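Reviewing the structure listed below.
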Amino acid sequence: MSRSTPFREAATVRVNAPEDRVRELLSDRDVLEAFDERLAGEDVEVHHEDERVEVTAPGQRLRLAFRLRGEGESTSVAALEDVEPKGFVERTKWMLFPGQAHEDLETELDRFRHIVEAFDTQHSA
């Protein structure tokens with residue numbers, strides 16, 4: 001696994017699917033592409049370690065890190081997006097508006113919850 005990444009606890013979502021199923025879907029290319037369009041057509045690497053799952057797309061300089069905690073039949077998913085902004089303008093924007101990056105992450109986590117629950121329902125049927 002790559003360098004250690006802290007998680008922001010506020011960026012957490014509860015998914016109505018078991019932890020093993022969420023971990024499995026985090027390795028599914030279709031789920032990853034639906035979660036983040038920047039992963040479409042990329043060579044994606046997925047690493048599992050204990051309760052952590054890291055998804056990297058070296059071509060996009062993008063790393064998504066997830067921490068999964070099973071809570072009965074559901075899973076708590078905490079996430080942190082670690083992306084190296086391209087160019088001076090993007091780096092400045094991330095420094096000046098860190099709250100926007102956090103709001104974007106919470107929005108993406110909610111979308112992830114819907115994707116996983118939809119995939120889990122289709123698989124169960």
Side-chain angles (χ1 to χ4, degrees):
M1 193 117 359
S2 56
R3 63 198 153 147
S4 178
T5 303
F7 287 91
R8 291 187 278 193
E9 290 297 325
T12 302
V13 67
R14 184 185 203 105
V15 178
N16 289 324
E19 182 180 352
D20 291 345
R21 182 67 177 140
V22 174
R23 185 178 308 280
E24 176 187 331
L25 289 172
L26 276 172
S27 298
D28 186 295
R29 185 159 201 67
D30 292 333
V31 172
L32 292 173
E33 289 180 6
F35 174 64
D36 193 323
E37 63 277 353
R38 294 173 293 180
L39 297 174
E42 290 292 320
D43 288 329
V44 177
E45 300 169 5
V46 180
H47 303 280
H48 300 270
E49 183 178 297
D50 299 325
E51 62 184 17
R52 290 180 57 139
V53 177
E54 287 192 18
V55 179
T56 57
Q60 289 285 341
R61 299 186 304 186
L62 175 67
R63 182 166 58 104
L64 304 170
F66 300 90
R67 188 188 63 225
L68 310 178
R69 287 195 175 144
E71 298 177 351
E73 289 299 309
S74 63
T75 305
S76 174
V77 180
L80 172 76
E81 179 182 48
D82 182 22
V83 63
E84 182 181 330
K86 296 178 183 175
F88 176 74
V89 173
E90 286 298 311
R91 282 194 301 270
T92 303
K93 187 168 49 172
W94 277 68
M95 286 187 300
L96 294 176
F97 304 105
Q100 182 63 46
H102 183 72
E103 288 175 19
D104 291 347
L105 180 58
E106 287 181 331
T107 300
E108 288 179 5
L109 272 178
D110 194 49
R111 182 173 62 207
F112 173 74
R113 177 180 63 82
H114 289 291
I115 292 167
V116 168
E117 289 174 358
F119 269 75
D120 194 50
T121 301
Q122 286 178 348
H123 227 58
S124 298

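Every value quoted in this text rests on a predicted model; they were computed, and no experiment measured them.
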### Query
Can you list the residues that meet the side chain to side chain contact (heavy atoms under 4.5 Å, CB included) rule with Asp30, with sequence neighbours excluded?
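Checked Asp30 against side chain to side chain contact (heavy atoms under 4.5 Å, CB included); matches are Asp28, Phe119.
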### Task
Taking Thr75 for its side chain and Val15 for its backbone only, find out whether a donor-acceptor pair lies under 3.5 Å.
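Flag not set: sc Thr75 to bb Val15 has no pair under 3.5 Å.
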### Message
With a 3.5 Å distance limit and no angle check, can you tell me whether Arg111 reaches the backbone of Phe35 through a side-chain donor-acceptor pair?
### Response
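Here the side-chain-to-backbone pair exists.
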I want to check something: taking the side chain as every heavy atom from C-beta on, are [X] and [Y] in contact at a cut-off of under 4.5 Å?
{"X": "Phe66", "Y": "Val55", "answer": "yes"}
{"X": "Leu26", "Y": "Val31", "answer": "no"}
{"X": "Leu64", "Y": "Val53", "answer": "no"}
{"X": "Phe112", "Y": "Leu25", "answer": "no"}
{"X": "Thr56", "Y": "Val44", "answer": "no"}

### Shortest non-hydrogen separation from Ser76 to Thr12 and the atoms involved
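Closest approach of Ser76 to Thr12: OG-CG2, 3.3 Å.
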### Query
How close do Leu39 and Ala57 get, heavy atom to heavy atom, and via which atoms?
CD2-CB, 3.7 Å
Could you pull out all residues at least two apart from [X] that satisfy salt bridge (Lys or Arg N to Asp or Glu O under 4.0 Å)?
{"X": "Glu19", "answer": "Arg23"}
{"X": "Arg113", "answer": "Asp110, Glu117"}
{"X": "Glu33", "answer": "Arg29"}

### Task
Look up atom CD in Glu54 and atom NE2 in His47, then write down how far apart they are to the nearest 0.5 Å.
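Taking CD in Glu54 and NE2 in His47, the distance rounds to 7.5 Å.
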### Task
Apply side chain to side chain donor-acceptor pair (under 3.5 Å) to Arg14 and list each qualifying residue two or more places apart in sequence or on a separate chain.
Glu71, Ser74
### Query
For Glu73, does the CD atom sit with more than 12 other heavy atoms under 6.0 Å from it, leaving out its own atoms?
no
### Query
Is the shortest distance from a Lys or Arg side-chain nitrogen in Arg38 or Asp36 to a carboxylate oxygen in the other one below 4.0 Å?
yes
### Message
Under a 4.0 Å threshold between the charged nitrogen and the carboxylate oxygen, would Glu24 count as salt-bridged to Arg21?
### Response
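So Arg21 pairs with Glu24 through a salt bridge.
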### Chi angles and distances behind the side-chain contact (heavy atoms from CB on, under 4.5 Å) call for Val116, Val77
CA-CA 11 Å; Val116 168; Val77 180; over 6 Å; no
### Query
Can a donor-acceptor pair be found between the side chains of Ser27 and His48 at a distance below 3.5 Å?
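On atom types as modelled, these side chains qualify, holding a pair under 3.5 Å.
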